[in-house]
Amino acid sequence: MKITLPDNSLRELPAGSSGYDLAKDIGPGLAKSAVAISIDGVQKDLHDEIPGDATVSIITINSDEGIEIMRHTLTAQVLARAIKNLYPKSKLAIGPTIENGFYYDVETDDAISVDDLEKIEAEMKKIIKSKSSITKKLVDKSDALKVFKSKKETYKEIIINESDQKDNFQLYYQDNEEFVDLCRGPHLPSLNFIGSFKLTKVSGAYWKGDAKNNMLTRIYGTAWNNDKDLNNYLNSIEEAQKRDHRKLGKEMDLFHFQDEAPGMVFWHPYGWNIYKTLQNFIRNKLDKNGYQEINTPQVVDRKLWEASGHWDKYRENMFITEIDEEQANEKRVNALKPMNCPCHVQVYNQGLRSYKDLPIRYAEFGSCHRYEASGTMHGLMRVRGFTQDDGHIFCTEDQIESETALFINLLSEIYSDLGFNEFDIKLSTRPEIRIGSDKIWDKAESALENAIKKLNYPYKIDEGDGAFYGPKLDFVLTDAIGREWQCGTFQADFNLPDRLNAEYVGEKGDKHHPVMIHRAILGSFERFIGILIENYSGKMPFWLAPQQVVVASIVSEVNDYAKEVQKLLIEKGIRSEIDLRNEKISYKVREHSSKKVPIILAIGKNEKNDKTVSIRRIGSNDTEVVELNKALKTIITENSVKF
RNA sequence: GCUCAUAUAGCUCAGCGGUAGAGCACUUGCUUGGUAAGUAAGAGGUCACCGGUUCAAGUCCGGUUAUGAGCUCCA
């Protein structure tokens with residue numbers, strides 16, 4: 001038979017040859033590192049027979065695919081077997097690979113905790129050392145069921161029963177059928193190929209990811225070809241933990257949470273400085289881009305939420321308030337607003353709107369509350385009380401495209417000012433259950449798509465992922481360590497203007513419902529500040545820093561001059577503090593550096609005599625002595641650069 | 001909401017049935033110093049909350065609340 005290799009060269013092999021035979025034929029080195037093959041793009045076991053003429057590539061242990069197969073074998077063959085050895089009554093569910101590692105879900109009577117991981121790892125190493133061979137059997141459905149029924153592996157039975165496959169169920173055996181697993185494969189030909197690994201955590205996970213099902217125990221691990229790669233990975237996790245905004249928030253005295261208000265931020269002065277600066281920055285951008293800022297109530301009667309549809313669809317996430325009847329003779333049920341949109345429609349609805357008024361762009365730093373499930377909260381990233389940089393554009397169908405373009409340009413400018421130069425766009429199109437005619441969906445989807453195309457941005461289409469009320473764009477930015485955060489959103493809505501009777505008078509004097517576009521750039525201030533803190537490891541750019549300058553005296557004799565310098569800074573709107581404590585300058589430098597203050601101005605006798613300051617910037621060990629007025633000028637310029 | 005874990009001084013943590021500990025921070029004294037920790041002393045705690053076991057409970061057990069890691073969710 002004729003085998004085509006990835007470089008398009010041809011090789012002739014006798015019929016019935018396996019992937020291993022092919023690898024051997026190409027070279028002994030390749031045969032040694034080969035772990036699987038890919039036949040016409042489909043991964044197969046190394047010792048599988050190649051059925052006939054085909055394009056075949058050899059997967060080696062050092063390739064990305066090879067590592068993934070190694071992780072797969074490690075979880076499905078080694079971790080699973082170790083669990084069965086240590087906890088014979090446990091039942092295996094599934095064990096897939098994930099980014100950088102793998103997990104296995106098991107049902108078990110004995111609680112497995114992180115303390116048990118060491119024990120399980122030791123058992124895994126024992127299994128690997130035993131150098132078990134892995135052999136594969138193909139069986140039909142009834143035989144496969146028999147095997148797992150006898151072993152009381154109920155989850156495997158479910159998987160087999162739910163499969164529409166008739167036969168060719170792949171059973172992988174180790175050591176004379178002592179251990180068997182059902183698997184799509186491929187697996188390593190031998191456990192010798194397994195490199196360095198570590199079990200990392202234990203948690204619960206629902207069977208099939210459905211909260212209605214059993215909670216299984218999930219054991220996570222990471223695996224690499226060698227110790228070096230493993231350690232690099234573990235170190236990178238540690239580095240990411242160092243920039244955790246919750247830790248930095250405490251160290252930098254930015255905010256706190258407490259039991260009485262879970263998921264609600266207590267902003268401290270320094271944290272609020274970041275918040276205020278960011279908000280002013282956004283406000284300034286909105287003012288320059290045709291938005292009108294408004295402000296609407298936070299506590300609103302349920303009638304409005306019934307009209308908007310939130311009472312039906314979103315109620316479990318809403319904080320409901322009732323007035324105490326004992327104290328007031330009025331009984332009303334109110335809700336804290338979870339979104340600003342219904343209130344914005346109320347503002348729009350005051351007065352008669354003409355097509356000549358459109359587009360109308362309302363912006364609100366809208367304080368919203370959502371009752372998030374307790375287990376979902378996470379520092380600033382997921383909270384119950386937050387403020388959006390929200391906005392709603394009321395426009396005609398024909399204006400959607402131009403509004404999209406204006407929005408994307410504004411978003412891109414803001415992200416880049418904040419230090420994020422890379423973002424992805426995702427276009428989500430009509431879902432199965434939706435409102436609005438196909439005609440308007442066609443129009444809105446193509447308006448969004450055309451706008452992106454004309455601006456030459458790459459984008460992905462997520463078919464069917466739009467909201468029931470209209471198509472949307474999501475904007476995902478990439479941070480300094482490569483993590484992605486979905487922040488911006490732009491959603492067309494054909495539903496709400498209709499439900500809440502928003503109208504405008506058209507050219508012919510007839511009434512129409514405007515299209516309403518929900519849009520945000522940061523998402524929520526809380527979450528975005530969390531992202532900024534982690535992106536910058538707390539070392540915010542000068543204009544955003546909570547404390548921008550600390551003036552530190554070296555000897556008490558210069559305190560007056562230090563005070564004078566600080567006063568000049570404050571007069572110019574620089575967030576600056578003064579440190580006149582009876583401490584050595586190195587002590588002061590250490591403390592303010594660890595608080596990530598961007599600029600420390602050290603003042604000693606020389607500076608006082610020469611009317612200069614000694615500038616020390618965070619991240620640098622150099623100092624620069626500069627004439628006071630020149631230093632002030634530099635600092636003021638740096639502060640205003642984004643406004 | 002679910003699973004598992006955690007909750008001790010302002011912070012980071014030790015203590016795991018028998019009189020509450022350390023380092024840092026804080027206060028005071030000495031020290032006036034040149035760019036990431038001078039020095040000595042002092043003060044600081046219903047050991048998250050409620051209940052149980054015990055002669056005796058931060059310590060063991062149950063519940064509550066919050067937090068963490070995941071899962072699920074995010075019209």
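Chain identifiers are assigned alphabetically (A, B, ...) following the order of the sequence lines, protein sequences preceding nucleic acid strands; residue numbering begins at 1 within each chain. The basis for the numbers below is simple: all heavy atoms, side chains too, and nothing from hydrogens, waters or symmetry mates.
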Extract from the structure each pairing of a protein N or O with an N or O of nucleotides 45-51 of chain B at less than 3.5 Å, listing the distance.
none

Between [X] and [Y], which heavy-atom pair has the shortest distance, and what is it?
X: A:Ala502; Y: A:His513; answer: O-ND1, 2.7 Å
X: A:Leu92; Y: A:Tyr155; answer: O-CB, 3.3 Å
X: A:Leu522; Y: A:Cys487; answer: O-CB, 3.6 Å
X: A:Thr429; Y: A:Gly464; answer: OG1-N, 3.0 Å

Spacing between [X] atom [atom1] and [N] atom [atom2], to the nearest angstrom:
X: A:Tyr314; N: B:C73; atom1: OH; atom2: C1'; value: 10 Å
X: A:Arg499; N: B:A75; atom1: CZ; atom2: P; value: 17 Å
X: A:Arg246; N: B:G68; atom1: CZ; atom2: C1'; value: 7 Å

Exercise. Using heavy atoms to find the nearest nucleotide of RNA chain B for A:Asn621 and A:Val555 separately, return the residue whose nucleotide is more 5′.
Key: A:Val555
Practice problem: Name the residue closer to the 5' end of RNA chain B, choosing between A:Gly604 and A:Lys472 according to the nucleotide with the nearest heavy atom. | Solution: A:Gly604
Quiz item: Between residues 88-108 of chain A and RNA chain B, which residues have a heavy-atom gap below 4.0 Å?
Solution: none
Quiz prompt | Candidates B:A36, B:A66, B:A69 - which lies nearest the side chain of A:Ser593 | solution = B:A36
Practice problem: Among B:G34, B:A66, B:U32, find the nucleotide with the atom closest to the side chain of A:Ser556. | Solution: B:U32
Quiz item: Quantified in whole Å, what is the P atom distance between nucleotide B:G63 and nucleotide B:C55?
Solution: 24 Å
Quiz item: How far, in whole Å, is B:A43 from B:U53 if one measures between their C1' atoms?
Solution: 37 Å
Quiz item: What is the ring orientation for A:Tyr415 with A:Phe423, classed by angle as parallel under 30°, tilted 30 to 60°, or perpendicular over 60°?
Solution: perpendicular
Self-check item: Contact list for residues 94-118 of chain A, test ring pair (Phe, Tyr, Trp, His ring centres under 6.0 Å), sequence neighbours left out
Solution: A:Tyr103-A:Tyr220
Exercise. Please determine if A:Lys313 forms a cation-pi arrangement with A:Phe468, meaning its NZ or CZ atom is less than 6.0 Å from the six-membered ring centre and no more than 45° off the ring axis.
Key: yes
I'd like a list of close polar pairs between nucleotides 7-14 of chain B and the protein, N/O only, cut-off under 3.5 Å.
unit_1	atom_1	unit_2	atom_2	d
B:U12	OP1	A:Lys250	NZ	3.2

Contact class for [X] (heavy atom, under 4.0 Å): base, sugar-phosphate, or nothing?
X: A:Arg616; value: base
X: A:Gly379; value: sugar-phosphate
X: A:Glu607; value: base
X: A:Asn606; value: base
X: A:Arg382; value: base
X: A:Met377; value: sugar-phosphate

What nitrogen or oxygen pairs link the protein and nucleotides 22-26 of chain B at under 3.5 Å?
unit_1	atom_1	unit_2	atom_2	d
B:A25	OP1	A:Tyr587	OH	3.1

Quiz item: In a check of side chain to side chain contact (heavy atoms under 4.5 Å, CB included) between A:Leu427 and each of A:Asp465, A:Asp462, A:Ile461, A:Asp474, which one passes?
Solution: A:Ile461
Quiz item: Knowing that exactly one of A:Leu304, A:Thr296, A:Val300 qualifies, which makes a side chain to side chain contact (heavy atoms under 4.5 Å, CB included) with A:Gln346?
Solution: A:Leu304
Test: salt bridge (Lys or Arg N to Asp or Glu O under 4.0 Å). Region: [range]. Which pairs qualify, not counting sequence neighbours?
range: residues 86-96 of chain A; result: none
range: residues 616-627 of chain A; result: A:Arg617-A:Glu638
range: residues 368-383 of chain A; result: A:Glu372-A:Arg382

Under 3.5 Å, N/O pairs linking protein and nucleotides 1-6 of chain B:
unit_1	atom_1	unit_2	atom_2	d
B:G1	OP2	A:Ser374	OG	2.4
B:G1	N7	A:Gly375	N	3.2
B:G1	N2	A:Tyr206	OH	2.3
B:C2	O4'	A:Tyr206	OH	3.3
B:U3	O2	A:Gly204	N	3.3

Counterpart base for [N], defined by Watson-Crick or G-U wobble contacts under 3.5 Å:
N: B:C4; answer: B:G68
N: B:U53; answer: none
N: B:A20; answer: none
N: B:C73; answer: none
N: B:U46; answer: none
N: B:A9; answer: none
N: B:A41; answer: B:U27

Exercise. Apply salt bridge (Lys or Arg N to Asp or Glu O under 4.0 Å) to A:Arg527 and list each qualifying residue two or more places apart in sequence or on a separate chain.
Key: none
Exercise. Please identify each residue that fulfils salt bridge (Lys or Arg N to Asp or Glu O under 4.0 Å) with A:Arg315, with sequence neighbours left out.
Key: none
Practice problem: May I ask you to evaluate whether A:His378 reaches the phosphate of B:A69, defined as a side-chain N or O under 4.0 Å from OP1 or OP2? | Solution: yes
Practice problem: Measure centre to centre between the rings of A:Tyr362 and A:His392, then say whether the value is under 6.0 Å. | Solution: no
Quiz prompt | Check: A:His310 side chain, B:A75 base, donor-acceptor under 3.5 Å | solution = yes
Practice problem: Not counting sequence neighbours, which residues clear side-chain contact (heavy atoms from CB on, under 4.5 Å) with A:Ser113? List them please. | Solution: A:Asp115, A:Asp116
Exercise. Name the orientation of the base relative to the sugar in B:U53: syn if the glycosidic angle is within 90° of 0, else anti.
Key: anti
Quiz item: When you check the glycosidic angle of B:G70, does it come out syn, meaning within 90° of 0, or anti?
Solution: anti
Exercise. Please check if any side-chain donor atom of A:Ser553 sits under 3.5 Å from a side-chain acceptor atom of A:Lys588, or the reverse.
Key: yes
Self-check item: Salt-bridge criterion met for A:Glu564 and A:Lys611 (N-O under 4.0 Å)
Solution: yes
